[in-house]
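Along the sequence shown, the residues carry numbers beginning at 1.
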Amino acid sequence: MGIYLNPGNKGFWKSIRSEIYVDKTGLIAYTNKCLNTREQFICVSRPRRFGKSMALEMLAAYYSRGCDSAELFAGRKIERDDTYREHLNQYDVIFLNMQRFLSRSKDQGLTEYLAKTVVAELRDAYGEFFSEQETDLAAVLEQIYAKTDREFIILIDEWDCVMREKKEAEELQRQYLDFLRNLLKDQPYVALVYMTGILPVKKYGTHSALNMFLEYSMTDQDVFEEYTGFTEAEVEELCRQSGMDFVQTGSWYDGYQFTEFRHIYNPKSIVEAMRRHRFSNYWTSTETYEALKIYMDMDFDGLRQDIVTMLGGGRVRVNTYSFQNDMYHFRIKDDVLTLLIHLGYLGYDSENKEAFIPNKEIMGEFENAMSVGGWPEVMRILRASERLLEDTLQGEEEKVAEALDQAHMEAASILTYNDENSLACSIGLAYYSARKDYRLIRELPTGRGFADIVFLPLPSSGKPALVVELKYDKTAETAIRQIRDRQYTKALEGYAGEILLVGISYDSGRADKPHRCVIERVEK
């Protein structure tokens, strides 16, 4: 076993010996189908700490020649697949961590250093098949294949580190992409390439050197959906084993949404929460909030309004196709929002083309980024939100209306009221602190329409549920009557206890006190 050539199975061995391990070996069944086909070039991009490197270590353990991994995969999902035995430890694997090569190359060129290092290891195993003077990695692999008929599986981690860390070095990026194209494209020695990073690969200006890759990103994971993070069933089982509340776990870490798997959880945070038996910001603590703030503060028309809308529990339309898949070229706000989707700060609904803040953990990161300046009016609303919730629970209708008037004044420079949807975003923002004890649901289906906003209490909160109906240029009493007439409270499945019916109206013709509030209590 080597460092880059056939690195063996120790990485996967460590994973399955860990306190918490979720079986994702089903991924191998798919990569087996892709071997030596037109689908053999796979690029999977996900946020940091979403299990990309662990997946590569698993693939290395399965495919690497020279080690026996059968015991490690015994009882795993892949063992039940028909292709399992056929490919187990049957290939030469080259494992390249581009971040490591970039940091070590220093004054020497990245690609030159990489080629020299890997060729030196190949010489130990296959030196008799190529000349001593040969240093070109692609040429070496061609000669080995020609004389041994052995194919290679190439695993690449952090493929995009050059684009992320050398943002403005376009010539270096072009050289790097050309190197990868020459190494991989149309090469007979390649049986499979599995490449991971944070950013997708397809667009860097007009340079499309790696157009042979099929891409699976946070805007469309396709067949890799269930391997992107932890599924709902997997998290429910982990909560059962760890004695953790499943609903509260979801409010903290759920929210990444795909076509088939509508609930994907942040794996890093789930593992830490289950291990430590408490909820906290685990994923976001691995990187400073300054990274998020840089993009939030970019001066694109409509960007601030979209962020505030999402803080209020709303969703915003995003065109993800204009993004150039780098961290330097931004032309419109949609480019920034698309990057935040790839970084994991936003969830994305591909069916409706909408972005949103996925969960409580990420919500806290946005709040941290705003707290250090540039968003004073929003921070004042957030700080006042705890008092607003308390007044609502106490039935203080006048105080609630006054607080909403104040929140409206603060947000007027960013959010504009022109319909009930924009009113809902503003109300969601004003009740920001409620997310500590509640799950906020916008447009809850009730069978007889949709309740505008429902605050469903988390099991440990001990607080009543809130059903909020909003009216634009109509009365708060009309809102309450609609909740009752359409029996919105029946939609709160599994909930028993006190419910507050909250009718909120906004009168666009009044500048002084435009909000009205009516609160009623019922039991379910």
Side-chain angles (χ1 to χ4, degrees), residues 15 18-24 27 44-56 58 158 196-199 216-221 224-242 244-289 291-292 295 310-311 313 315 337-350 355-369 435-436 439-440 458:
S15 294
S18 298
E19 183 179 345
I20 294 175
Y21 170 74
V22 174
D23 186 354
K24 294 291 186 178
L27 169 67
V44 178
S45 56
R46 297 178 198 151
R48 56 190 169 81
R49 309 307 295 272
F50 264 66
K52 299 186 296 295
S53 297
M54 288 179 64
L56 288 173
M58 176 184 72
E158 303 278 4
T196 70
I198 294 175
L199 297 176
Y216 306 91
S217 75
M218 292 303 283
T219 59
D220 184 10
Q221 284 286 332
F224 291 95
E225 286 184 9
E226 67 176 299
Y227 308 114
T228 303
F230 290 166
T231 65
E232 190 169 36
E234 289 166 347
V235 172
E236 192 165 14
E237 175 60 19
L238 288 174
C239 287
R240 187 192 65 78
Q241 294 173 3
S242 303
M244 298 288 283
D245 183 79
F246 175 62
V247 174
Q248 198 164 356
T249 301
S251 73
W252 270 91
Y253 309 121
D254 185 15
Y256 298 97
Q257 178 178 313
F258 299 112
T259 303
E260 180 181 355
F261 289 83
R262 307 297 287 178
H263 298 274
I264 292 290
Y265 294 68
N266 182 319
K268 163 67 176 176
S269 298
I270 290 293
V271 167
E272 292 303 316
M274 298 301 114
R275 283 183 58 248
R276 304 182 190 210
H277 291 89
R278 64 184 179 88
F279 301 109
S280 187
N281 295 20
Y282 297 114
W283 178 73
T284 56
S285 67
T286 63
E287 184 171 312
T288 172
Y289 58 79
L292 173 60
Y295 302 109
M310 291 186 288
L311 281 170
R315 296 184 171 209
L337 295 174
T338 304
L339 174 61
L340 295 181
I341 292 168
H342 291 304
L343 294 176
Y345 290 112
L346 295 178
Y348 181 67
D349 180 346
S350 61
F356 52 92
I357 298 176
N359 53 50
K360 186 185 296 188
E361 182 179 33
I362 305 300
M363 192 82 71
E365 192 72 353
F366 275 89
E367 183 180 352
N368 289 338
R435 290 171 175 83
K436 290 188 297 185
R439 184 160 64 97
L440 186 153
L458 298 175

Review point. Does the ring of Trp283 carry Arg48 above it, NZ/CZ under 6.0 angstrom from centre and within 45° of its axis?
Key: yes
Check your understanding: What distance do Met54 atom CE and Leu27 atom CG have between them, rounded to the nearest 0.5 Å?
Key -> 12.0 Å
Practice item. May I ask you to check whether Tyr256 and Phe50 place their ring centres under 6.0 Å from each other? Key: yes
Review point. Does the side chain of Met218 reach to within under 4.5 Å of the side chain of Ser45, using non-hydrogen atoms?
Key: no
Check your understanding: Side chains of Glu226 and Thr231: is there a donor and an acceptor less than 3.5 Å apart?
Key -> no
Exercise for review: Taking atom CZ of Arg435 as the centre, report whether more than 12 heavy atoms of other residues, nucleotides or ligands fall under 6.0 Å from it.
Suggested key: yes
Exercise for review: Check step by step if salt bridge (Lys or Arg N to Asp or Glu O under 4.0 Å) holds for Glu234 and Lys24.
Suggested key: CA-CA 10 Å; Glu234 289 166 347; Lys24 294 291 186 178; 2.9 Å; yes
Point to revise | Gln257 side chain to Asp349 side chain, donor-acceptor N/O pair below 3.5 angstrom | key: yes
Check your understanding: Looking at side-chain heavy atoms only, is the closest gap between Ser242 and His277 below 4.5 Å?
Key -> yes
Study note, to complete from the structure: Nearest heavy-atom contact between Leu339 and Tyr295 is CD2-CE2, 3.4 Å
Review point. Which atoms form the tightest heavy-atom contact between Tyr253 and Ala273, and what is the distance?
Key: CE1-CB, 3.7 Å
**Study point:** Test item: Asn359 side-chain N/O and Gly255 main-chain N/O as donor-acceptor pair under 3.5 Å
**Key:** no
Review point. Which heavy atom of Tyr348 sits nearest a heavy atom of Ile341, and at what distance?
Key: CD1-CD1, 3.5 Å
Practice item. Could you grab the distance from atom CG of Leu238 to atom OH of Tyr265, nearest 0.5 Å is fine? Key: 11.0 Å
Exercise for review: Report the C-alpha separation of Ile264 and Glu225 in whole Å, then their side-chain angles, then the decisive distance to 0.1 Å, and conclude whether the side chain to side chain contact (heavy atoms under 4.5 Å, CB included) test is met.
Suggested key: CA-CA 8 Å; Ile264 292 290; Glu225 286 184 9; 5.6 Å; no
Practice item. Could you check if a side-chain atom of Phe366 sits within less than 4.5 angstrom of a side-chain atom of Tyr345, using non-hydrogen atoms only? Key: yes
Check your understanding: So do the side chains of Val271 and Tyr282 get within less than 4.5 Å of each other, counting heavy atoms only?
Key -> no
Point to revise | Non-neighbouring partners of Arg276 that pass side-chain hydrogen bond (donor to acceptor under 3.5 Å, both in side chains), sequence neighbours left out | key: Glu272
Review point. Heavy atoms, side chains only, cut-off 4.5 Å: are Glu237 and Val235 in contact?
Key: no
Review point. Just wondering, do Leu340 and Leu346 contact through their side chains at under 4.5 Å, heavy atoms?
Key: yes
Point to revise | Ser350 vs Thr259 side-chain heavy atoms within contact, under 4.5 Å | key: yes
Point to revise | Interatomic distance, Lys52 atom NZ to Ile198 atom CD1 [nearest 0.5 angstrom] | key: 5.0 Å
Point to revise | Heavy-atom closest contact (Pro358 atom, Ile362 atom, distance) | key: CG-CG1, 3.8 Å
Check your understanding: Got a second to check how far Met58's CE is from Asp23's CG, nearest 0.5 Å?
Key -> 8.5 Å
Check your understanding: Out of curiosity, Ile357 CD1 to Met310 CE, how far, rounded to the nearest 0.5 Å?
Key -> 5.5 Å
Practice item. Using the side chain to side chain contact (heavy atoms under 4.5 Å, CB included) rule, take Phe230 and Ile270 through it: C-alpha gap first, then chi angles, then the decisive distance, then the call. Key: CA-CA 8 Å; Phe230 290 166; Ile270 290 293; 3.6 Å; yes
Exercise for review: Evaluate the side-chain proximity of Pro47 to His342: yes if any heavy-atom separation is below 4.5 Å, no if none is.
Suggested key: no
**Study point:** Distance, nearest 0.5 Å, that separates NZ of Lys436 from OG of Ser251
**Key:** 13.0 Å
**Study point:** Residues which pass side-chain hydrogen bond (donor to acceptor under 3.5 Å, both in side chains) with Thr196, listed by chain and number, not counting sequence neighbours
**Key:** Asp157
